[in-house]
Asks: 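The structure's right below; bear with me while I get my questions together.
Computed from heavy atoms alone, side chains included, the values below leave out hydrogens, waters and symmetry copies.
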Amino acid sequence: MVHKKEDYKEGCYGDEVRQHILEFAEKGFESIPEDERDEWFTRFKFWGLFHQRSGQESYFMMRLTNASGILKPGQLRTIAEVARDYATGPVENPEFGNGWIDLTTRQSIQLHWLELEDVPAIWEKLESAGVSSRSAGGDTMRNISGSALHGKVEEYVESGPLLERFQEELRGDDALANMPRKFNISVTGTKSGCAQDSLNDIGFEPARKEIDGETVKGFNVRIGGGLGGRQPRAATPLDVFVRPENAYEVGRGFVELYHDYGGRTNRSKNRARFFAEDWGMAKIRETLQEEYVDFEMLRAGEDFREEYTYNAGKPTDAGKHDHVGVHDQKQEGLKYVGLNVPIGRLPAEDAIELADLADEYGSGELRLTRRQNPVVVDVHEDDLEDLLAEPLLEDYQPEPSPFERGAMACTGTEFCSIALTETKGRMARMLRWLNANVELPEDVGKIKMHYSGCTADCGQAMTADIGLQGMRARKNDEMVEAFDIGVGGGVGENPAFVEWVQQRVPADEAPGAIKNLLGAFAAHREEGQTFRQWVESTGTEALIEFCEPEETDFEAPYMTDAKQSWYPFAEGEKPTATGGETVVSDD
């Protein structure tokens, strides 16, 4: 029997959902029949519209799409103006105030506290600037991730044309709107691995192959990567090499194959990573060739994974591990400046000012990265000093502290119904505390610390130097917010997921545990050794001992709340510890 959400989607999904949203918006939130809200909220997600959670009835989050993080001139300003005018909650967040945007790990933007009645006006304003929310959520192809600086830096193989085809022709095809579950696509043309193909349902990575005595540039293909539910999986080589002109057909072919054959019963097993395990690479490759691809696919070529540096745990001098800082573009005399927005939350007024700076010092275009950061592009070297002196860059520095540079966080209980802990505000406080209380060796430029509010792992804790996943635990006979703490994750040539060294650490004791762990790292590392390298060379028992929880002067509000007292929430049971149970993201 198919899952009930398949029945919802069968009745109405894809592009046709938009007209229903407009009709409900005209009549008001209460016009959605209460006994039909689950099915309509499932459908709304295709248009990027997510009902927030119980206790926040009638408020929505809107997720936007912009393939590979490109924001054309004027688009950030328009999005920020929408946030300023419409994304305001009933009370202010004590850490972030009201009216802000969240930068996401898929190179896009989320807006919160939107009212359904305002959606038509919001769409009109966004779409007038070329910004869309179509296919931003639900069981469909999500925002395509790619090399954030493609077209601005040297690529081994040009990725822009393929990204554009995937965006316009594949994601734009309403016949493929209803997938078994959400589906992620990535394309990278650079040798740094910045699109993180290992974490996607299908990823295209730069490669070369000798064909008839000639070295041909193209892509190798990987499938079945993903995080979540404590069942992470690195994408597997499909053993296929494609020329750039054939890559679209292979990508579309696998999307169609998964659309046609993917499971639609057990939602915890409907993801492409489980499909890839069940079928195996040989059967998928053969079926692609026989039913979906009309040219002869070649076996994989030589990849550049040994050169991957993006979140790869390598020393800084090995290459770029993110897009923060000042770097050369391939266009002579131009620079790009990557700013750091810790945990990805940017007040609307700051976003408007950033758009102004992009106009004044660059081309007006900005790029968003997979680490929740913006990049100002096309800055002439003669204007660089003036840009770096702008007051806004004191808050969003191109040379941040190692902790701020490495920090990411998901939405958490603030808006997410399956999260177990608050994330954004707590991470902001932790970064300040770590900056003040932990001294790292001078050659350590980053500690990648990722925080997910539950095991769905939207904050990518599984791929961090130090990964935090929200849990619940008992302390002093009451239920409190807590973390599981893992170490040694990262992508690159050999993707690795964290090893859990402490479980259910109360939130007020976790900063002390991290301080103790980093103290041991500083004391015992070999010269030049990165945190990931140190973890790999240190035994599990020692890591557990080093990561000793400890109460400190760190202030941890909302320890027993789990829903944050500053926002109105419905009365009901608080989340409990998940035990060994798998929590599955259904967004």
Side-chain angles (χ1 to χ4, degrees), residues 1-27 29 31-33 36-51 60-67 104 106 108-111 114 116 119-120 122-124 126-127 130-145 163-186 200-202 248-249 251-267 270-272 275 292 585-587:
M1 180 183 295
V2 298
H3 193 276
K4 65 180 181 181
K5 290 194 175 184
E6 291 300 321
D7 291 333
Y8 298 164
K9 293 187 294 175
E10 186 67 27
C12 175
Y13 208 61
D15 287 342
E16 65 178 317
V17 173
R18 181 183 174 104
Q19 186 56 41
H20 291 280
I21 293 173
L22 293 173
E23 291 171 0
F24 284 128
E26 183 179 1
K27 298 175 183 177
F29 178 81
S31 67
I32 307 173
E36 297 178 11
R37 286 181 182 173
D38 282 350
E39 57 193 272
W40 282 114
F41 292 164
T42 294
R43 295 163 177 160
F44 285 6
K45 289 177 182 178
F46 178 83
W47 277 93
L49 204 59
F50 292 66
H51 189 248
F60 290 82
M61 177 266 280
M62 182 181 287
R63 185 175 289 154
L64 309 179
T65 62
N66 50 303
T104 77
R106 290 206 69 80
S108 194
I109 291 174
Q110 293 179 175
L111 302 166
L114 305 181
L116 184 62
V119 167
I122 291 169
W123 273 343
E124 182 177 1
L126 292 174
E127 291 168 0
V131 177
S132 176
S133 66
R134 182 190 180 278
S135 187
D139 295 345
T140 190
M141 288 168 277
R142 300 295 186 85
N143 198 53
I144 301 170
S145 59
L163 286 160
E164 290 173 8
R165 284 199 74 185
F166 281 149
Q167 173 67 18
E168 298 299 325
E169 298 178 35
L170 186 58
R171 292 187 72 245
D173 189 346
D174 193 50
L176 294 172
N178 181 7
M179 300 289 284
R181 284 296 302 276
K182 65 178 179 179
F183 191 93
N184 291 326
I185 301 170
S186 71
N200 289 272
D201 297 301
I202 183 167
Y248 174 80
E249 189 173 347
R252 184 182 184 93
F254 184 61
V255 168
E256 291 179 343
L257 187 156
Y258 178 61
H259 177 274
D260 295 344
Y261 292 104
R264 294 179 181 266
T265 53
N266 182 353
R267 288 185 68 81
N270 283 2
R271 293 298 304 274
F275 176 78
Y292 297 94
S585 173
D586 196 29
D587 66 349

Asks: Where do Gly137 and Arg63 come nearest, in terms of heavy atoms and distance?
Replies: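 Heavy-atom minimum between the residues: CA-NH1, 4.4 Å.
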
Asks: With side chain to side chain contact (heavy atoms under 4.5 Å, CB included) as the test, would you mind laying out the steps for Arg37 and His51 before giving the verdict?
Replies: CA-CA 10 Å; Arg37 286 181 182 173; His51 189 248; over 6 Å; no

Asks: Would Trp123 and Glu127 count as having a side-chain donor-acceptor pair, cut-off 3.5 Å?
Replies: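 Distance-only check fails for Trp123 and Glu127.
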
Asks: A side-chain contact here means heavy atoms from C-beta on lying under 4.5 Å apart; do Trp47 and Ile21 qualify?
Replies: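 Yes, their side chains come closer than 4.5 Å.
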
Asks: Examine Tyr8 together with Phe41 and report whether their ring centres are nearer than 6.0 Å.
Replies: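 For Tyr8 and Phe41, the ring centres are not under 6.0 Å apart.
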
Asks: State, with a plain yes or no, whether a side-chain heavy atom of Leu176 is found less than 4.5 Å away from one of Arg252.
Replies: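 They are in contact (side-chain heavy atoms under 4.5 Å apart), so the answer is yes.
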
Asks: So Tyr261 and Pro180, do their side chains get closer than 4.5 Å, heavy atoms only?
Replies: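 With C-beta onward as the side chain, the pair stays apart.
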
Asks: Around Glu26, counting heavy atoms of other residues, nucleotides and ligands shown, do more than 12 lie under 6.0 Å from its CD?
Replies: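 Atom CD in Glu26 is not crowded, with 12 or fewer foreign heavy atoms closer than 6.0 Å.
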
Asks: Looking only at atom types and distance, does a side-chain atom of Ser186 sit under 3.5 Å from a main-chain N or O of Ser145, one as donor and one as acceptor?
Replies: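 It does not hold such a pair.
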
Asks: Can you tell me how far CG of Leu170 sits from CG of Leu163, rounded to the nearest 0.5 angstrom?
Replies: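 Here the rounded value is 12.0 Å.
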
Asks: Judged by atom type as modelled, is there a donor-acceptor pair below 3.5 Å linking the side chain of Arg171 to the main-chain atoms of Met141?
Replies: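 The answer is yes, because a donor-acceptor pair under 3.5 Å joins these two groups.
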
Asks: Tell me whether the count of non-hydrogen atoms from other residues, nucleotides or ligands lying under 6.0 Å of CD in Glu23 goes above 12.
Replies: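 Yes, because the 6.0 Å sphere around CD of Glu23 holds more than 12 heavy atoms from other groups.
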
Asks: Distance check, rounded to the nearest 0.5 Å: Leu116 atom CG versus Phe29 atom CZ?
Replies: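 These two atoms lie 7.5 Å from each other.
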
Asks: Looking just at side-chain N and O atoms, do Asn200 and Arg142 make a donor-acceptor pair shorter than 3.5 Å?
Replies: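 Checked: Asn200/Arg142 side chains show no N/O donor-acceptor pair below 3.5 Å.
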
Asks: Calculate, to the nearest 0.5 Å, the distance between atoms CE and NZ belonging to Met61 and Lys45 respectively.
Replies: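 Reported to 0.5 Å precision, the distance equals 9.0 Å.
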
Asks: So, do Arg271 and Asn184 sit near enough that their side-chain heavy atoms are less than 4.5 Å apart?
Replies: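 Yes, close enough: below the 4.5 Å cut-off.
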
Asks: Roughly how far, to the nearest 0.5 Å, is OH of Tyr292 from CG of Leu257?
Replies: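 So the CG of Leu257 and the OH of Tyr292 are separated by 4.5 Å.
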
Asks: If you apply the rule side chain to side chain contact (heavy atoms under 4.5 Å, CB included), what do you find for Val255 with Met179, and how did you get there?
Replies: CA-CA 9 Å; Val255 168; Met179 300 289 284; 3.8 Å; yes

Asks: Compare every heavy atom of Arg43 with every heavy atom of Tyr13, then report the nearest pair and how far apart it is.
Replies: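 Looking at all heavy atoms of both residues, the shortest contact is CE1-CA, 3.9 Å.
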
Asks: When you compare the side chain of Thr42 with that of Glu39, does any pair of heavy atoms fall below 4.5 Å?
Replies: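 Result no, sub-4.5 Å side-chain heavy-atom pair not found.
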
Asks: Indicate the atoms forming the closest heavy-atom contact of Met62 with Val119, along with that distance.
Replies: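 Heavy atoms of Met62 and Val119 come nearest at CE-CG1, 4.2 Å.
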
Asks: Quick check: do Lys5 and Arg267 have side-chain heavy atoms less than 4.5 Å from each other?
Replies: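 They are in contact (side-chain heavy atoms under 4.5 Å apart), so the answer is yes.
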
Asks: Are Asp15 and Arg134 close enough for a salt bridge, meaning some N to O gap below 4.0 Å?
Replies: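 Answer for the salt bridge query: yes.
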
Asks: Let me confirm one number: the CZ-CZ distance from Phe275 to Phe254, rounded to the nearest 0.5 Å.
Replies: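 Between Phe275 CZ and Phe254 CZ, I get 6.0 Å after rounding to 0.5 Å.
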
Asks: Could you check whether Asp139 pairs with Lys9 (Lys NZ or Arg NE/NH1/NH2 to Asp/Glu carboxylate O, under 4.0 Å)?
Replies: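 A salt bridge is present here (some side-chain N lies under 4.0 Å from a carboxylate O).
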
Asks: Return the minimal non-hydrogen interatomic distance between Gly251 and Ile202, and the atom names on each side.
Replies: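 Scanning both residues completely, I find the closest heavy atoms to be CA-CD1, 4.0 Å.
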
Asks: Between Phe50 and Phe44, is any pair of side-chain heavy atoms under 4.5 Å apart?
Replies: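 No; the side chains remain at least 4.5 Å from each other.
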
Asks: Give the C-alpha distance, both sets of side-chain angles, the deciding distance and a yes or no for side chain to side chain contact (heavy atoms under 4.5 Å, CB included) between Leu126 and Ser132.
Replies: CA-CA 7 Å; Leu126 292 174; Ser132 176; over 6 Å; no

Asks: Nearest 0.5 Å, what's the CG-CZ distance between Leu49 and Phe24?
Replies: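 Here the rounded value is 12.0 Å.
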
Asks: I would like to know whether Tyr258 and Arg181 meet side chain to side chain contact (heavy atoms under 4.5 Å, CB included); could you show each step before the answer?
Replies: CA-CA 10 Å; Tyr258 178 61; Arg181 284 296 302 276; 4.0 Å; yes

Asks: With a 3.5 Å cut-off and no angle check, do the side chains of Thr65 and Asn143 form a donor-acceptor pair?
Replies: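 Note: Thr65 and Asn143 side chains miss the donor-acceptor criterion.
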
Asks: Would you name the heavy atoms of Asn270 and Asn266 that are closest together and state the gap between them?
Replies: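 Result for this residue pair: OD1-O, 2.6 Å.
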
Asks: Given side chains that start at C-beta, do those of Phe46 and Asn178 come closer than 4.5 Å, heavy atoms only?
Replies: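 Sidechains of Asn178 and Phe46: no contact.
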
Asks: Can you name the residues that form a side chain to side chain donor-acceptor pair (under 3.5 Å) with Thr104, not counting sequence neighbours?
Replies: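 With neighbours one apart ignored, the set is empty.
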
